[in-house]
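I have placed the structure first, in the form of structure tokens, so that the comments after it can refer back to it.
Below, read A as the first sequence line, B as the second, and so on, with proteins coming before strands; counting in each chain starts at 1.
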2 protein chains.
Amino acid sequence: MGISERKEREKEQRRNDIIDAAEKVFFKKGLNNSTMDEVAEEAELSKGTLYLYFKSKEEIYFEIKLRAIRILNGMFIESISENKTGFENCMEIGKTYVAFLNNYSNYYRVMVYFENNDCRVCEFKDKCENFFKEDNPLKFFIQIINQGIEDGTIRDDIPANVLAQTLWAQTNGILQFISTKQKILEFTGVKAEDIVYSQYEIIKRGIRNEGKS
Amino acid sequence: MGISERKEREKEQRRNDIIDAAEKVFFKKGLNNSTMDEVAEEAELSKGTLYLYFKSKEEIYFEIKLRAIRILNGMFIESISENKTGFENCMEIGKTYVAFLNNYSNYYRVMVYFENNDCRVCEFKDKCENFFKEDNPLKFFIQIINQGIEDGTIRDDIPANVLAQTLWAQTNGILQFISTKQKILEFTGVKAEDIVYSQYEIIKRGIRNEGKS
DNA sequence: TAAAAAATATGACTAACGGTCATAATATAA
DNA sequence: TTATATTATGACCGTTAGTCATATTTTTTA
């Protein structure tokens, strides 16, 4: 049945085209100031057609979030190395996350949106439920922490699970701060890099296995 | 002119009544699922009247945020003590912030909303611009860190400004994580308290002045 | 290849809701 | 008591996410 397969591909393609169009519109004007009519126009389709491929405006946004996560995951995987210690890899991931914020700020913003609007995310419950079980930056990060505990470069008095989630949550807080609180940074005369550097310094001391370099 | 003063008081009172009503409605159903008609009904006023006292739905929400900040500030001030070191006070503030999340989760959620929707906050630019200059949890926290640096209990190689904002941002990340990622915590079998404890542990090592207890 | 059936696309329409404004009610001043 | 100012009202408006009856295109059938 070559036809149904081709149709499947075409459908997938159209879905992607719609997400592409939505991305353009949303990135330019923000989710709230973008209308589905604009997305439809950008995609050269009628509005009704959008709803054949997606349940809601927010579901399209959620698909963009998935793209963001895929990019971030890819960057993380590229940034680590077998030749480095767990501790070094861990710090590398931090740097990479900051680079993601700088290079893909649009995608980053989409991710933040879903961090903080979990009430609505229920719509995608099924997708979210299984999310952690699949490839996911946090899951990946836990492995790195584990590596560090095993190779003795990261303190071992906190379970890898817990330590990883703590660092992950912290780091999200840092990125969120430097990306939304420019006013405060300006007013206090502090640069985003200062905060990032300070975060590294605290983490270094905070998680390094004592006695090791 | 006793009359105009009384009128002023009455107006202020009515404003507060409206915020009270809005709080009830918003806390019960969430900002997005609450309508201005519902707020008006709860306040026993017509919808039009609401707009005599507030420019928009979101401005009312912003007023609720101000209440939240006032509560948090009060808790912070209560939690510190002249008899404690800067380091101890700093840790105390962390604990207090967690207590705030647990005891005033509705207010906490409002604060988070404005952390992450800064685009819209422009409406309240004037209010926000001056915000940092007034009483503000972060500003207060900077003072505590300064105390710690001065009394030698907190490392002095990072400026108080920077260190305080870093810790603040981190902690926000932690609170946000434990309040929105229950699913992940469940799945990994980690408790919110574990994360909080781990955070304390990392910070302790991370900011304590070496050589001091 | 033509007609029937299935799949896909359309855009006018609806419902919901934030915000407005002409009008009404009430309080104050003259 | 009348004129003026203040406060309140709710019908109405504009916008927009989402729907659905209808139309178009593609595939299947005979």
Closest heavy-atom pair and its distance - A/Lys84, A/Gln147
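So the two residues come closest at O-NE2, 3.1 Å.
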Please give, in whole Å, the distance from [N] [atom2] to [X] [atom1]?
X: B/Asp37; N: C/dG19; atom1: CG; atom2: P; result: 12 Å
X: B/Asp17; N: D/dT7; atom1: CG; atom2: P; result: 15 Å
X: A/Met36; N: C/dC13; atom1: CE; atom2: P; result: 21 Å
X: B/Glu41; N: C/dC17; atom1: CD; atom2: C1'; result: 15 Å
X: B/Leu52; N: D/dT6; atom1: CG; atom2: C1'; result: 10 Å
X: A/Glu38; N: D/dT15; atom1: CD; atom2: C1'; result: 12 Å
X: B/Glu8; N: D/dA5; atom1: CD; atom2: P; result: 19 Å
X: A/Arg14; N: D/dT26; atom1: CZ; atom2: P; result: 11 Å

May I ask you to check whether A/Glu59 and A/Tyr51 show a side-chain donor-acceptor distance below 3.5 Å?
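Judged by distance alone, the side chains do not pair up.
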More 5' along DNA chain D: A/Thr49 or A/Asn33, using each one's nearest nucleotide?
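So the residue in question is A/Asn33.
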From C-beta outward on [X], which listed nucleotide comes closest to its side chain: [options]?
X: B/Lys47; options: C/dG19, D/dA17, D/dT27; value: C/dG19
X: B/Thr35; options: C/dC17, D/dT7, D/dT26; value: C/dC17
X: A/Ser46; options: C/dG19, C/dT8, C/dG11; value: C/dG11

Please compare B/Glu10 and B/Gly48 by the position of their nearest nucleotide in DNA chain C and report the one closer to 5'.
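Comparing both residues, the 5'-ward one is B/Gly48.
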N/O donor-acceptor pair, side chain A/Lys55 with base D/dG18, under 3.5 angstrom:
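No.
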Base D/dG18 paired with A/Lys57 side chain (donor-acceptor, <3.5 Å):
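No.
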Using a heavy-atom cut-off of under 4.0 Å over every strand shown, decide if B/Phe54 touches base, sugar-phosphate, or nothing.
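B/Phe54: no heavy atom of the nucleic acid under 4.0 Å.
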Under 4.0 Å, heavy atoms only, any strand: does A/Leu45 hit a base, just the sugar-phosphate, or nothing?
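Here A/Leu45 touches the backbone only, sparing every base.
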[N] OP1/OP2 closer than 4.0 Å to side-chain N/O of [X]:
X: B/Tyr51; N: D/dA8; answer: no
X: B/Tyr53; N: D/dT7; answer: no
X: B/Lys11; N: D/dT7; answer: yes

Give me the ring orientation class for A/Trp168 and A/Phe141: parallel if the planes are under 30° apart, tilted from 30 to 60°, perpendicular past 60°.
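Taking A/Phe141 first and then A/Trp168, their aromatic rings sit tilted (interplane angle of 30° to 60°).
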Answer yes or no: are there more than 12 heavy-atom neighbours, outside A/Tyr104 itself, under 6.0 Å from its atom OH?
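Count not over threshold, so no.
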As a test of understanding, state which of A/Ile149, A/Ile202, A/Ile154 forms a side-chain contact (heavy atoms from CB on, under 4.5 Å) with A/Ile207.
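By the side-chain contact (heavy atoms from CB on, under 4.5 Å) criterion, A/Ile207 pairs with just one of A/Ile149, A/Ile202, A/Ile154: A/Ile154.
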